Peer 1: 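I have a structure I would like to understand better, so I am pasting it below and will then ask my questions one at a time.
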Amino acid sequence: MKTRRNWRSNSKQNPERGAWAPALVNRVAEAVRSRRGRLAGGVAVALLALAGGLWLLLGGDEDGNRPPDSRAREYQDVDACLLTGADGIAQGTVASSVWDGMQQASEETRARVSWVPVTGEQSAANVRPFLNGLVQRQCEVVLTVGTPQAQAVEAIAPQHPSLPFLVVGKGVATAKNNVTVVPPGEGLKAAVEREIRDAASDKRS
């Protein structure tokens, strides 16, 4: 009877999760009190334990046991891709500031943003396969940080005149029709955000 009272109390506190519990417990209790003997009582006790376990598994005693909302964020079909050195977007680096601007632009435009580090030798020759990989991914805008990255952009950008590149660095690349050069420092994040907003706007038009 103590178990029955506890289940009734829980069902009152949580009517949605516990509404079915009292009826099930009543049936089990009747089976226990029946004249079918020990076998029926044993089966009933097992059913009671199973019912209690299922109730805790499906509902639980606390709201904190409910799974979190799994709704995913919706993005535009726009990709902004960043190519960095071996340090990636480590805190305090220029690439970190670029990444912050990209994330802010993503919040505003719902563009997808990603970054790829160049591993191995930090040379233009080794950077080019990584840069070509981003081009083949059909990124709407490609951003780079570092001297070898800028040198690779100078070689590849003319082959893709419709793809905008944003190169971050001091005097490491020559601006072209589809290449924008931005020095590090104040104004960098704003320039990054503007480039991604423009790419998203061009995609929608």
Side-chain angles (χ1 to χ4, degrees), residues 66-205:
R66 290 182 175 180
D69 190 351
S70 60
R71 289 175 294 180
R73 180 181 178 185
E74 295 183 0
Y75 289 94
Q76 283 195 69
D77 188 20
V78 175
D79 288 281
C81 309
L82 170 64
L83 187 63
T84 75
D87 291 336
I89 55 172
Q91 187 174 5
T93 62
V94 174
S96 175
S97 297
V98 174
W99 181 246
D100 288 343
M102 293 176 68
Q103 289 183 306
Q104 181 61 41
S106 178
E107 290 287 336
E108 297 175 5
T109 66
R110 293 295 188 264
R112 292 184 295 262
V113 295
S114 61
W115 64 276
V116 175
V118 174
T119 58
E121 183 182 357
Q122 300 298 302
S123 65
N126 187 48
V127 167
R128 288 187 65 169
F130 292 90
L131 187 59
N132 281 325
L134 297 183
V135 173
Q136 292 170 3
R137 280 173 50 185
Q138 298 183 341
C139 300
E140 273 66 36
V141 57
V142 175
L143 304 91
T144 69
V145 177
T147 300
Q149 285 79 0
Q151 293 170 347
V153 168
E154 285 188 308
I156 291 176
Q159 304 170 22
H160 306 279
S162 62
L163 175 61
F165 292 85
L166 187 146
V167 174
V168 179
K170 290 184 177 180
V172 294
T174 302
K176 296 182 176 64
N177 291 336
N178 62 328
V179 179
T180 302
V181 180
V182 180
E186 187 177 356
L188 173 58
K189 290 176 63 175
V192 169
E193 294 173 25
R194 183 169 56 253
E195 192 76 16
I196 295 176
R197 282 196 300 266
D198 290 346
S201 178
D202 291 343
K203 184 74 172 183
R204 288 194 297 267
S205 60

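From a predicted model like this one, the values you see are computed outputs, not experimental measurements.
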Peer 1: Mind checking side chain to side chain contact (heavy atoms under 4.5 Å, CB included) for Pro117 and listing every partner two or more places apart, or none if nothing turns up?
Peer 2: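 Listed in chain order: Thr84, Trp115.
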Peer 1: Calculate, to the nearest 0.5 Å, the distance between atoms CD and CG belonging to Gln91 and Asp100 respectively.
Peer 2: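 Between Gln91 CD and Asp100 CG, I get 9.0 Å after rounding to 0.5 Å.
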Peer 1: Test side chain to side chain contact (heavy atoms under 4.5 Å, CB included) on Val113 and Trp99 and set out the steps.
Peer 2: CA-CA 9 Å; Val113 295; Trp99 181 246; 3.7 Å; yes
Peer 1: Which pairs count as side-chain hydrogen bond (donor to acceptor under 3.5 Å, both in side chains) when at least one residue sits in residues 128-142, sequence neighbours excluded?
Peer 2: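 Pairs touching residues 128-142 that pass the test: Ser114-Arg137, Glu140-Lys203.
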Peer 1: Do Leu188 and Val98 touch side chain to side chain, with heavy atoms closer than 4.5 Å?
Peer 2: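 Result yes, sub-4.5 Å side-chain heavy-atom pair found.
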Peer 1: So which heavy atom on Ala150 is nearest to which on Thr144, and how close?
Peer 2: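 Smallest interatomic distance, heavy atoms only, reads N-OG1, 4.3 Å.
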Peer 1: Throw together a table of side-chain donor-acceptor distances under 3.5 angstrom for residues 119-127, partners on residues two or more places apart or in other chains.
Peer 2:
from: Gln122; atom 1: NE2; to: Val118; atom 2: O; distance (Å): 2.8
from: Gln122; atom 1: NE2; to: Gly120; atom 2: O; distance (Å): 3.1
from: Ser123; atom 1: OG; to: Asn126; atom 2: N; distance (Å): 3.3
from: Asn126; atom 1: ND2; to: Thr119; atom 2: O; distance (Å): 2.8
from: Asn126; atom 1: ND2; to: Glu121; atom 2: O; distance (Å): 2.6

Peer 1: Would you list the atom pairs, donor with acceptor, under 3.5 Å between side chains in residues 158-166 and any protein atom, with sequence neighbours excluded?
Peer 2:
from: Gln159; atom 1: NE2; to: Ala155; atom 2: O; distance (Å): 3.4

Peer 1: Which distance, rounded to the nearest 0.5 Å, do you find between the OG1 of Thr180 and the CD of Glu195?
Peer 2: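 Interatomic distance, Thr180 OG1 to Glu195 CD, rounded to 0.5 Å: 4.5 Å.
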Peer 1: Do any N or O atoms from the side chain of Asn178 and from the backbone of Ala157 form a donor-acceptor pair under 3.5 angstrom?
Peer 2: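 Yes, because the side chain of Asn178 sits within donor-acceptor range (under 3.5 Å) of the backbone of Ala157.
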Peer 1: Rounded to the nearest 0.5 Å, what separates atom OG in Ser97 from atom CD1 in Ile89?
Peer 2: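 Reported value, rounded in 0.5 Å steps: 11.0 Å.
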Peer 1: Using every non-hydrogen atom in the two residues, find where Thr109 and Gln76 come nearest and quote the distance to one decimal.
Peer 2: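 Result for this residue pair: O-NE2, 2.5 Å.
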Peer 1: Under the side-chain hydrogen bond (donor to acceptor under 3.5 Å, both in side chains) test, which residues partner Asp77, sequence neighbours left out?
Peer 2: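 In terms of side-chain hydrogen bond (donor to acceptor under 3.5 Å, both in side chains), with neighbours along the sequence ignored, Asp77 is linked to Arg112.
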Peer 1: List the residues meeting side-chain hydrogen bond (donor to acceptor under 3.5 Å, both in side chains) with Gln104, not counting sequence neighbours, and say none if there are none.
Peer 2: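 Partners of Gln104 by the side-chain hydrogen bond (donor to acceptor under 3.5 Å, both in side chains) criterion, ordered by chain and then number, come out as Glu108.
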Peer 1: Within this structure, what is the CD-CD distance for the pair Gln103 and Glu193, rounded to the nearest 0.5 Å?
Peer 2: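 Gln103 atom CD to Glu193 atom CD measures 11.0 Å (nearest 0.5 Å).
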Peer 1: Can you list the residues that meet the side chain to side chain contact (heavy atoms under 4.5 Å, CB included) rule with Thr93, with sequence neighbours excluded?
Peer 2: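 Here the qualifying residues are Ala90, Ala95, Ser96.
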Peer 1: Please, which pairs that meet disulfide (SG to SG under 2.5 Å) have at least one residue in residues 106-135, sequence neighbours excluded?
Peer 2: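 Sorted result for residues 106-135: empty, none.
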